[in-house]
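Quick notes on the structure that follows.
Throughout, a chain's letter reflects where its sequence line sits, starting with A, and its residues are numbered from 1. All values below come from the heavy atoms of this structure, side chains included, with hydrogens, waters and symmetry mates left out.
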2 protein chains.
Amino acid sequence: MPPATCPGGLLAMNITQHTDYALRLLMYLGACPERRVTIKEVAERFDISRSHLMKLVTELVTKGFVDGARGKGGGLRLARAATRIGLGDVVRQMEPSFALVECFGSGSHCLLDPACRLKGALASALQAFLSELDRLTLADLIGDDGRLQVTLGVPPADAQAPRPTIVIRPAPPAG
Amino acid sequence: MPPATCPGGLLAMNITQHTDYALRLLMYLGACPERRVTIKEVAERFDISRSHLMKLVTELVTKGFVDGARGKGGGLRLARAATRIGLGDVVRQMEPSFALVECFGSGSHCLLDPACRLKGALASALQAFLSELDRLTLADLIGDDGRLQVTLGVPPADAQAPRPTIVIRPAPPAG
DNA sequence: TCAAAAGATGCATTTAATATGTATCTTAAA
DNA sequence: TTTAAGATACATATTAAATGCATCTTTTGA
């Protein structure tokens, strides 16, 4: 008799820092919709490596969440309005294993196998998880009271990126 | 200004093989409630290493799901009826990061921080996940039609462990 | 009381996923 | 045509998960 293992194992349910940062980046971009934000800026703000963030950005661009522009004056911005970016979609796209849940729905052969009631149970729980996220969009995370901008430390909407050529620093960096 | 990171990162939502096997083991034990099952038997049946399974068993015993007996004639069985083992509880106990969700409920300081609306959103989604699992017990996974026994390849209820050493055991102390 | 069967414990190793870093290339605006 | 940006590719480091091995303890039954 073959071992009673389930082919392919169970659900690899996993929200990694990858998705974590993806959502934060989207929040950051949504918090300053009037300009393009550079990867460098976000990397410093989030205190993660630029190259690391770069991969994430590339992925978000590929998947249609972010619009990136190269060259001088380039940078990132949301590819569409924050109200049209569903949290469930982001998670599903960033964590490929989550998208697999769909195949557990009706019609899957695994539900017919009594040993796979376990899979079915976990799959429906995962559906509940995603459904809850589907109720929210990026706009819900951002809010409209400007408090997120303060927390993230993004410059207010009217202050353009201050890039003075002649800098006078009265207080030397005490570090 | 300090980096806009969230202390402790986000939720590390993660169902590992650890929990996977834990649930399967419990299903196996629930499928043959009339006898003690040895770790060796289950390890062979699931085709995983004995030592690996051993650690899992120790944990399940510590957490009160499994009753293990040492010595000759020892083995494992469920610590209580399958109807009284909730799937949500198992997941919460086996994946410590899941239990942390509770602290995101009302009263947590993080919900007051607008930047942490993200945490709140994920936390409520995770609650939905666990609530869905809370609706089921181990008994629901096992069923009562004996099909799981066939799938797992456990001996049927009336056929005692075939160890023909010419032992005549009229009524083994089932407690 | 001793031997064998079982679980318990501790540690070392392997493996795989994540995360990070470096270098180079491409694009586009000033 | 220089410079500021993102894109790509590859190498490395870090960490968690999984596995394996050796040894100890408990308990039963001969």
Side-chain angles (χ1 to χ4, degrees), chain A residues 5 9-22 24-25 29 35-44 46-63 65-77 79 94-97 161 163 165, chain B residues 5 9-10 12-22 24-25 29 35-44 46-63 65-77 79 94-97 161 163 165-169 172-173 175:
Chain A
T5 53
L10 256 189
L11 304 173
M13 186 172 181
N14 207 346
I15 286 197
T16 63
Q17 243 180 315
H18 198 59
T19 300
D20 182 341
Y21 283 136
R24 286 162 198 270
L25 173 64
L29 296 184
R35 65 183 175 101
R36 284 193 183 271
V37 175
T38 67
I39 289 182
K40 185 166 172 288
E41 172 184 339
V42 180
E44 287 173 358
F46 287 177
D47 197 29
I48 59 179
S49 89
R50 198 174 145 278
S51 355
H52 191 203
L53 187 55
M54 182 72 76
K55 288 203 195 68
L56 181 60
V57 165
T58 301
E59 191 178 345
L60 284 170
V61 169
T62 302
K63 295 188 170 162
F65 293 113
V66 167
D67 168 42
R70 295 182 176 189
K72 215 168 191 174
L76 313 171
R77 67 179 176 199
M94 298 306 288
E95 302 285 346
S97 59
R163 214 172 290 167
T165 324
Chain B
T5 54
L10 256 186
M13 187 172 180
N14 208 347
I15 287 195
T16 62
Q17 243 179 313
H18 197 59
T19 300
D20 182 341
Y21 283 136
R24 286 161 199 271
L25 173 64
L29 296 183
R35 66 184 173 98
R36 285 194 182 269
V37 175
T38 67
I39 289 182
K40 185 166 173 288
E41 173 184 339
V42 180
E44 286 172 0
F46 286 176
D47 197 29
I48 59 179
S49 89
R50 197 175 146 279
S51 354
H52 191 204
L53 186 55
M54 182 72 75
K55 289 201 193 70
L56 182 58
V57 165
T58 302
E59 191 178 344
L60 283 170
V61 169
T62 302
K63 295 189 170 163
F65 293 112
V66 167
D67 168 45
R70 295 182 176 190
K72 218 170 191 173
L76 312 171
R77 67 179 177 197
M94 299 305 288
E95 302 285 349
S97 59
R163 211 174 293 166
T165 326
I166 317 183
V167 178
I168 301 178
R169 280 183 288 183

Inset, instruction - Kindly say whether D67(A) contributes a backbone atom to a donor-acceptor pair with the side chain of R36(A) at under 3.5 angstrom? - result: yes
Legend entry - Nearest-Å distance for atom pair CD/P, residues E41(B) and dA5(C): 16 Å
Legend entry - Shortest side-chain distance from K55(B), nucleotide among dA8(C), dT19(D), dA7(D): dT19(D)
Inset, instruction - Scan V66(A) against the nucleic acid and name what it touches under 4.0 Å (heavy atoms): base, sugar-phosphate only, or nothing. - result: nothing
Inset, instruction - Applying side chain to side chain contact (heavy atoms under 4.5 Å, CB included), run through V66(B) and L29(B) and close with a yes or a no. - result: CA-CA 9 Å; V66(B) 167; L29(B) 296 183; 3.8 Å; yes
Inset, instruction - For dA18(D), take OP1 and OP2 only and decide whether either is under 4.0 Å from a side-chain N or O of Q17(B). - result: yes
Inset, instruction - Find the distance R50(A):CZ to dA19(C):C1' and express it as a whole number of Å. - result: 17 Å
Legend entry - Rounded interatomic separation in angstrom, taking OH from Y21(B) and P from dA18(D): 8 Å
Inset, instruction - Please report, rounded to the nearest Å, how far the P atom of dA4(C) is from the NZ atom of K40(B). - result: 16 Å
Legend entry - Rounded interatomic separation in angstrom, taking CG from L56(B) and P from dT9(C): 14 Å
Legend entry - Rounded distance in Å - CZ (R70(B)) to P (dT27(D)): 7 Å
Inset, instruction - Please report, rounded to the nearest Å, how far the P atom of dA18(D) is from the CZ atom of F46(B). - result: 15 Å
Inset, instruction - Tell me which nucleotide among dA7(D), dT22(C), dA18(D) gets nearest to the side chain of H18(B). - result: dA18(D)
Legend entry - Min side-chain heavy-atom separation V42(B)-R24(B) under 4.5 Å: no
Legend entry - 5′-ward residue of the pair G74(A)/M54(A) relative to DNA chain D: G74(A)
Legend entry - S49(A) side-chain N/O to dG21(C) phosphate OP1/OP2 under 4.0 Å: yes
Inset, instruction - Output yes when E41(A) and R35(A) qualify as a salt bridge under the 4.0 Å nitrogen-oxygen rule, no when they do not. - result: yes
Inset, instruction - Would you mind reading off the distance between R36(B) atom CZ and dG7(C) atom P, rounded to a whole angstrom? - result: 10 Å
Inset, instruction - Using the six-membered ring wherever Trp is involved, compare the ring planes of H52(A) and Y21(A) and label them parallel, tilted or perpendicular (cut-offs 30° and 60°). - result: perpendicular
Inset, instruction - Return the nearest nucleotide to the side chain of S51(A); candidates are dG7(C), dG21(C), dG6(D). - result: dG21(C)
Legend entry - Closest listed nucleotide, where the reference is the side chain of H52(B) and the choices are dA8(C), dA6(C), dT19(D): dT19(D)
Inset, instruction - For G68(A), answer base if it contacts any base atom (sugar-phosphate contacts may also be present), sugar-phosphate if it contacts only those atoms, and nothing otherwise; contact means non-hydrogen atoms under 4.0 Å. - result: nothing
